[in-house]
Amino acid sequence: MPMSPIFAPPAGVDADLAGRVEQFRLRHRIPGLSVAVVRPGGTATVAGGFADLTARAPVTPDTRFPWFSMTKVATATAAMTLVDQGRLDPDAPVGEVLDDSRTGGWRFNPTARQLMNHTAGLPNPLPLRWIEVAGEPANRAARLRADLVRRSRPTRPPGGPAAYSNLGFLVLAEVISRVSGRPFEDYLRAAVLQPLGMRASGFEHVAGAAAATGYVRVPPPFAPLLRIVLPSGVIGDRSGDLVALRRFRVIGAGYGGLIGPVSDAARLVGLHLADGRVGHRQILTAGSARSMRDIRYPGKRFDLGLGWFRPVAARSAQPAFVEHWGTGGGFHHVMRLYPERGVGVVAMANTTHGYDHDALMHQALA
């Protein structure tokens with residue numbers, strides 16, 4: 001993997017942090033990596049490698065990445081603003097809000113809290129084809145999203161062990177839309193993105209904005225399989241052992257549709273580290289912010305809070321943390337809070353290939 005074109009950090013950037021991140025990127029063969037470390041005294045952002053290998057375009061802290069499931073933290077935050085306003089009862093069955101065209105005659109009727117903590121009893125089908133090439137007509141995406149929501153019916157009684165489900169957050173987005181009286185994307189923008197100053201984040205790619213190309217490491221003999229499992233038009237050019245994916249958007253904004261830079265993700269992290277406060281404005285009540293990161297719902301792979309989770313293997317980790325991953329075609333991200341230290345870390349990488357993000361977190365905190 002080539003050395004980053006911006007390895008010599010610009011003025012004002014933590015040179016030690018930049019060096020550690022760059023060495024990590026090279027060791028794990030990551031095309032491009034952007035990292036933000038949020039502390040009480042401010043936020044440090046560093047980046048290295050390439051947003052696009054063919055164009056040799058560098059990653060910067062302003063490069064936009066699809067967030068995938070890190071979006072769930074923003075979606076849960078939006079839901080909790082409605083709870084704080086007294087407009088959404090988190091413990092009332094969501095069937096009281098959604099009509100039959102959405103619930104399809106559910107046998108079980110979960111609550112908004114159960115949707116957020118993944119105890120709603122919903123399945124979690126593999127979302128390989130829940131994307132479409134950027135620029136395709138939005139009405140097709142709307143039809144597909146509506147179909148996914150209709151098929152999002154609980155398969156077991158709610159309130160049992162936590163089992164991660166993307167479908168739960170598709171339903172939650174519908175609940176937010178119905179309660180707020182606005183399209184989900186509009187409400188999240190007004191309630192979360194705008195108050196936090198997340199001006200570079202949204203649900204569509206913006207023409208002219210620097211964005212990362214996603215890469216999948218796959219040997220040439222297996223490359224044709226990608227064209228089978230991914231929608232038409234997504235597969236791009238090959239660069240060595242990496243296959244590029246053309247810009248796409250996720251179908252289902254509430255579970256994974258945000259697109260934005262690490263600098264904006266750091267603002268969301270800062271909100272939760274500050275118990276819902278930004279400057280002199282309380283976006284979330286302190287109680288709601290703390291309840292979101294209260295990991296009290298055990299699961300098989302993850303223990304869940306409201307939007308946040310912690311791997312079962314990290315139950316005794318010190319310092320204690322909560323996090324959320326964002327993984328999908330061509331990308332692998334992590335957003336983590338260390339509440340007792342008042343520190344948060346976000347890492348965004350344009351590779352599907354997993355890397356040791358725990359080691360990266362420790363590098364960022366060193």
Side-chain angles (χ1 to χ4, degrees), residues 36 38 43 62 64-88 90 112-113 115-117 145 166 168-206 209 249-250 252-293 305-309 322-326 333-337 339 344 346 348:
V38 183
T43 299
D62 296 321
R64 301 179 186 194
F65 293 77
W67 281 35
F68 287 97
S69 285
M70 289 200 316
T71 302
K72 291 182 175 69
V73 176
T75 300
T77 301
M80 293 305 290
T81 65
L82 292 171
V83 172
D84 286 343
Q85 296 164 23
R87 300 168 69 187
L88 174 63
R113 188 185 305 278
L115 293 172
M116 286 187 277
N117 64 31
R145 182 172 63 249
N166 289 313
F169 272 73
L170 290 176
V171 176
L172 182 63
E174 293 290 322
V175 171
I176 291 169
S177 177
R178 184 58 61 90
V179 171
S180 68
R182 308 172 68 173
F184 165 75
E185 294 91 333
D186 290 351
Y187 183 77
L188 187 136
R189 190 175 294 111
V192 180
L193 303 186
Q194 291 176 352
L196 295 183
M198 297 171 64
R199 298 179 181 86
S201 295
F203 294 95
E204 298 284 347
H205 284 284
V206 176
R249 61 174 174 245
V250 171
Y255 99 89
L258 273 175
I259 302 167
V262 75
S263 52
D264 274 4
R267 293 176 182 272
L268 183 59
V269 164
L271 173 77
H272 284 274
L273 288 172
D275 285 342
R277 192 173 187 83
V278 175
H280 298 293
R281 185 173 180 183
Q282 196 79 37
I283 307 299
L284 278 180
T285 64
S288 288
R290 292 169 187 160
S291 70
M292 287 181 64
R293 60 178 190 259
L306 305 181
W308 298 102
F309 64 62
V322 299
E323 65 183 0
H324 211 295
W325 305 348
H333 315 316
V334 183
M335 177 188 292
R336 180 178 287 189
L337 305 180
V346 185
M348 306 181 85

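For reference, positions follow the sequence shown, starting with 1.
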What distance separates Arg281 CZ from Leu271 CG, expressed to the nearest 0.5 Å? 10.5 Å
More than 12 foreign heavy atoms under 6.0 Å from CZ of Arg199: is that the case here? no
Derivation of the side-chain contact (heavy atoms from CB on, under 4.5 Å) call for Arg293 and Val73: CA-CA 10 Å; Arg293 60 178 190 259; Val73 176; over 6 Å; no
Testing Val192, Thr75, Leu193 one by one against Leu258 for a side chain to side chain contact (heavy atoms under 4.5 Å, CB included), which residue passes? Leu193
Calculate, to the nearest 0.5 Å, the distance between atoms CZ and CD belonging to Arg249 and Glu204 respectively. 4.5 Å
List the atom of Ala191, the atom of Thr81, and the distance in Å for their closest heavy-atom pair. CB-OG1, 4.0 Å
Quick check: does any side chain N or O of Arg267 sit under 3.5 Å from a backbone N or O of Val269, one acting as donor and the other as acceptor? no
Find out whether His272 and Thr77 are in side-chain contact, i.e. whether some heavy atom of one side chain is under 4.5 Å from a heavy atom of the other. yes
Atom CG of Leu273 and atom CG of Leu268: how far apart are they, to the nearest 0.5 Å? 10.0 Å
Pick one: which of Val322, Leu284, Asn117 meets side chain to side chain contact (heavy atoms under 4.5 Å, CB included) with Met292? Leu284
Work out which heavy atom in Gly254 is nearest to a heavy atom in Ala173; give both atom names and the distance. CA-CB, 3.9 Å
With rounding to the nearest 0.5 angstrom, report the CZ to CH2 distance, Arg336 to Trp325. 9.0 Å
Would you check, one step at a time, whether the test side-chain contact (heavy atoms from CB on, under 4.5 Å) holds for Ile176 with Leu188? CA-CA 9 Å; Ile176 291 169; Leu188 187 136; over 6 Å; no
Ala76 and Leu306 have their tightest heavy-atom pair at CB-O, 3.9 Å
Please name the pair of heavy atoms, one in Ala265 and one in Met335, separated by the smallest distance, quoted to 0.1 Å. CB-CE, 4.1 Å
Shortest non-hydrogen contact from Met80 toward Ser291: CE-OG, 3.9 Å
Residues Gly260 and Ser201: closest non-hydrogen pair is CA-OG, 3.4 Å
Quick one: sort the Phe68 and His333 rings into parallel, tilted or perpendicular, breaks at 30° and 60°. tilted
Roughly how far apart are Arg64 CZ and Asp264 CG, rounded to 0.5 Å? 8.0 Å
Using 0.5 Å steps for rounding, measure from the CG atom of Leu82 to the OG atom of Ser288. 11.0 Å
Measure the shortest side-chain to side-chain distance between Tyr255 and Val250 over non-hydrogen atoms and say whether it is less than 4.5 angstrom. yes
Consider ring-ring contact (aromatic ring centres under 6.0 Å, His included). Of Phe169, Trp308, Phe309, which one does His324 pass it with? Phe309
